[in-house]
Visitor: 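One structure coming up, written as structure tokens, with questions to follow.
When a residue number appears, it is its place in the shown sequence, counting from 1.
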Amino acid sequence: MVLSGKGVLRVGNRTFSPRFGQFFLLKDREVVEYAADTEDPWEYCWVTYYGTKAKQLSEEIGFAENVYCLESSADPKVFYELVLKMYEKPEMNCASDLYRCGILLEFLSLAMESVSAKTPKRLRPSDSAAKTYVDRAIQFIQYNYASIRVSDIVNYIGFSRSYFTNMFRKCTGQSPQQYLMQYRLKIACAQLKETDLPIQKIAEQVGYENQMAFSKIFKNAYGISPTEYRQMSGQ
């Protein structure tokens with residue numbers, strides 16, 4: 001994070017000019033050159049992080065391919081203070097490692113939020129990151145299927161509805177609405193087979209207050225009514 005002034009960053013034949021209030025990233029295994037501007041030299045704070053999720057986290061912040069500088073809406077001093085806190089526990093033991101990791105996660109979280117606030121259209125995540133978002137959405141559906149709408153899923157994940165729908169469909173072959181409906185019907189089928197609960201009660205438990213609407217959706221999906229399904233299942 002550039003705290004003041006500006007500098008020059010060279011990656012191959014490309015040149016970037018990180019300045020006050022911007023993040024810049026030195027990517028793993030790339031040969032780079034960076035230096036302070038001669039007229040307005042920079043001051044910056046930095047952290048090094050690596051591991052199995054380092055690349056994914058960097059991409060989710062916004063450092064996609066060929067992106068090395070990002071605008072931030074946060075006060076640069078906040079990041080500087082977080083870096084200083086890491087130095088409070090310099091010991092190389094497990095407790096200090098956990099302490100520094102906790103502050104690093106706070107640093108990355110704030111970076112992600114501040115870049116998103118500055119850039120209205122969030123950059124496209126990598127395929128692996130997209131799958132992570134879809135997996136989280138599916139888990140959210142499975143825990144909350146009876147009380148949510150698609151808009152709740154979209155708000156939970158944090159993308160626009162159209163973008164999230166395209167991402168979800170690419171990963172699952174279904175829209176979020178289709179997945180939510182099929183998951184509700186899957187639970188309803190289990191209830192019809194395994195319990196003697198009234199159909200109205202089952203409809204309510206899977207998110208449909210209106211039994212007629214539930215029965216219509218059920219028949220459209222399976223070709224038979226909930227009552228007929230229960231009879232065929234031996235209940």
Visitor: Can you confirm whether the side chains of Tyr145 and Gln205 place a donor and an acceptor under 3.5 Å from each other?
Guide: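 Short answer, no.
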Visitor: Would you indicate whether the side-chain heavy atoms of Ile138 and Tyr183 approach each other to under 4.5 Å?
Guide: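 Side-chain contact under 4.5 Å: no.
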Visitor: With heavy-atom distances below 4.5 Å as the criterion, would you say the side chains of Ile202 and Pro226 are in contact?
Guide: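 In short, these two side chains do not touch, never coming nearer than 4.5 Å.
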Visitor: Specify the closest pair of heavy atoms between Tyr99 and Lys85, including all atoms of both residues, with the distance to one decimal.
Guide: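 Closest approach of Tyr99 to Lys85, heavy atoms only: CE2-O, 3.3 Å.
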Visitor: Distance only, no hydrogens: is a donor on one side chain within 3.5 Å (strictly under) of an acceptor on the other, for Tyr44 and Ser4?
Guide: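 No - no donor-acceptor pair under 3.5 Å links their side chains.
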Visitor: Does one side chain, of Tyr222 or Glu228, offer a donor that lies under 3.5 Å from an acceptor on the other?
Guide: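 Tyr222 vs Glu228: no donor-acceptor pair found between side chains.
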Visitor: Any chance you could lay out the side chain to side chain donor-acceptor pair (under 3.5 Å) test for Tyr133 and Glu60, step after step, and finish with the verdict?
Guide: CA-CA 11 Å; Tyr133 285 117; Glu60 291 189 21; 3.1 Å; yes
Visitor: Distance from Leu82 atom CG to Leu105 atom CG, nearest 0.5 Å?
Guide: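 So the gap between those two atoms works out to 11.5 Å.
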Visitor: For the residue pair Ala188 and Val206, what are the closest heavy atoms and their distance?
Guide: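 Distance-wise, the nearest heavy atoms are N-CG1, 3.9 Å.
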Visitor: With side chains defined as the heavy atoms from C-beta onward, is the minimum distance between Phe23 and Cys69 less than 4.5 Å?
Guide: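 No, every pair of side-chain atoms sits at 4.5 Å or beyond.
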Visitor: Give me the atom names and distance for the closest heavy-atom approach of Pro18 to Val2.
Guide: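 Scanning both residues, the minimum pair turns out to be CB-CG2, 4.0 Å.
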Visitor: Distance only, no hydrogens: is a donor on one side chain within 3.5 Å (strictly under) of an acceptor on the other, for Asn144 and Ser147?
Guide: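 Note: Asn144 and Ser147 side chains miss the donor-acceptor criterion.
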Visitor: Near Glu91 CD, under 6.0 Å, is it more than 12 heavy atoms from other residues, nucleotides or ligands?
Guide: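 Count over threshold, so yes.
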Visitor: Rounded to the nearest 0.5 Å, how far does CD of Gln174 lie from CG of Leu180?
Guide: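 So the gap between those two atoms works out to 10.5 Å.
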Visitor: Indicate yes or no for a side-chain donor-acceptor contact from Gln178 to the backbone of Ser175 under 3.5 Å, with no hydrogens or angles considered.
Guide: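 Checking the backbone N and O of Ser175 against the side chain of Gln178, a donor-acceptor pair under 3.5 Å is found.
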Visitor: Find out whether Leu26 and Leu9 are in side-chain contact, i.e. whether some heavy atom of one side chain is under 4.5 Å from a heavy atom of the other.
Guide: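 In short, these two side chains touch, coming nearer than 4.5 Å.
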Visitor: Can you confirm whether Leu84 sits close enough to Glu88 that some side-chain heavy atom of one is under 4.5 Å from a side-chain heavy atom of the other?
Guide: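 SC-SC contact between Leu84 and Glu88 ruled out.
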Visitor: Check for a donor-acceptor pair, side chain of Ser215 on one end and backbone N or O of Gln211 on the other, with a separation under 3.5 Å.
Guide: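 It does hold such a pair.
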Visitor: Determine whether Glu43 and Tyr80 satisfy the following criterion, side chain to side chain donor-acceptor pair (under 3.5 Å), listing intermediate values before the conclusion.
Guide: CA-CA 10 Å; Glu43 290 186 347; Tyr80 177 64; over 6 Å; no
Visitor: Of all residues at least two apart in sequence or in a different chain, which pass the salt bridge (Lys or Arg N to Asp or Glu O under 4.0 Å) check with Asp97?
Guide: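 Testing Asp97 for salt bridge (Lys or Arg N to Asp or Glu O under 4.0 Å), a comparison that skips the adjacent residues, returns Arg100.
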Visitor: Mind running ring-ring contact (aromatic ring centres under 6.0 Å, His included) on Tyr179 and Phe168 for me, showing each step along the way?
Guide: CA-CA 10 Å; Tyr179 187 95; Phe168 193 96; 5.7 Å; yes
Visitor: For the atom pair SG (Cys101) and CD (Glu106), what is the distance rounded to the nearest 0.5 Å?
Guide: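 With rounding to 0.5 Å, SG (Cys101) is 13.0 Å from CD (Glu106).
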Visitor: Is it true that, when you exclude Glu30 itself, more than 12 heavy atoms of the residues, nucleotides or ligands shown sit nearer than 6.0 Å to its CD?
Guide: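 Count over threshold, so yes.
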Visitor: Output yes when a side-chain donor or acceptor of Ser73 lies under 3.5 Å from a complementary backbone atom of Ser114, and no otherwise.
Guide: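 Indeed, once roles are kept as given, a pair shorter than 3.5 Å links the two residues.
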Visitor: In this structure, would Val154 and Phe140 fall into the same cluster of hydrophobic residues linked by side-chain contacts under 4.5 Å?
Guide: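 Shared cluster, yes.
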Visitor: Atom CD of Gln191 and atom CD of Glu194: how far apart are they, to the nearest 0.5 Å?
Guide: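 Output value for this atom pair is 7.5 Å.
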Visitor: For the atom pair SG (Cys45) and NZ (Lys77), what is the distance rounded to the nearest 0.5 Å?
Guide: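 The SG atom of Cys45 sits 12.5 Å away from the NZ atom of Lys77.
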Visitor: Mark yes or no: Arg10 above the aromatic ring of Phe16, with NZ or CZ under 6.0 Å from the six-membered ring centre and no more than 45 degrees from the axis.
Guide: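 Output no; distance or angle outside limits.
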Visitor: Under 3.5 Å, side chain of Asn93 to main-chain N/O of Ser96, donor-acceptor pair present?
Guide: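 Here the side-chain-to-backbone pair exists.
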Visitor: May I ask you to test the Thr165-Tyr163 pair for a side-chain heavy-atom distance under 4.5 Å?
Guide: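 Not in contact.
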Visitor: Would a distance-only check, ignoring hydrogens and angles, find a side-chain to backbone donor-acceptor pair under 3.5 Å from Asp152 to Arg149?
Guide: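 Side chain of Asp152 to backbone of Arg149: a pair is present.
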Visitor: Please round to the nearest 0.5 Å and tell me the distance separating atom CD1 of Ile187 and atom CD of Gln142.
Guide: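 Going from the CD1 atom of Ile187 to the CD atom of Gln142 covers 8.5 Å.
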Visitor: Tell me whether the NZ or CZ atom of Lys27 lies within the 45° cone about the ring axis of Tyr68 and under 6.0 Å from its centre.
Guide: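 Judged by the rule (NZ or CZ under 6.0 Å from the ring centre, within 45° of its axis), Lys27 counts as positioned above Tyr68.
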Visitor: Between Arg230 (side chain only) and Thr195 (backbone N and O only), is there a donor and an acceptor less than 3.5 Å apart?
Guide: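 Yes, because the side chain of Arg230 sits within donor-acceptor range (under 3.5 Å) of the backbone of Thr195.
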Visitor: Would you mind reporting whether Tyr49 and Leu108 have side-chain heavy atoms less than 4.5 Å apart?
Guide: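 Yes, at least one pair of side-chain atoms sits under 4.5 Å.
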Visitor: The criterion is salt bridge (Lys or Arg N to Asp or Glu O under 4.0 Å); which residues satisfy it with Asp37, sequence neighbours excluded?
Guide: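 Asp37 satisfies salt bridge (Lys or Arg N to Asp or Glu O under 4.0 Å) with no residue once adjacent residues are dropped.
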Visitor: Would you please test Ile199 and Leu192 for side-chain contact (heavy atoms from CB on, under 4.5 Å) and show each step?
Guide: CA-CA 8 Å; Ile199 292 175; Leu192 289 167; 4.2 Å; yes
Visitor: Verify the distance criterion only: is there a donor paired with an acceptor across the side chains of Gln200 and Glu204 at less than 3.5 Å?
Guide: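 Side-chain D/A pair, Gln200 to Glu204: present.
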Visitor: Please name the pair of heavy atoms, one in Ala111 and one in Phe79, separated by the smallest distance, quoted to 0.1 Å.
Guide: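 In this case the closest contact between Ala111 and Phe79 is N-CE2, 3.8 Å.
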Visitor: Give a yes or no answer on whether the side chain of Arg19 reaches the backbone of Lys6 with a donor-acceptor pair at less than 3.5 Å.
Guide: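 No; zero donor-acceptor contacts below 3.5 Å.
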Visitor: Can you confirm whether Tyr229 sits close enough to Cys189 that some side-chain heavy atom of one is under 4.5 Å from a side-chain heavy atom of the other?
Guide: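 In short, these two side chains touch, coming nearer than 4.5 Å.
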Visitor: I'd like to know if Lys55 pairs up with Glu59 as an ion pair, taking the criterion as any Lys NZ or Arg NE/NH1/NH2 lying under 4.0 Å from an Asp or Glu carboxylate oxygen.
Guide: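 Salt bridge present between Lys55 and Glu59.
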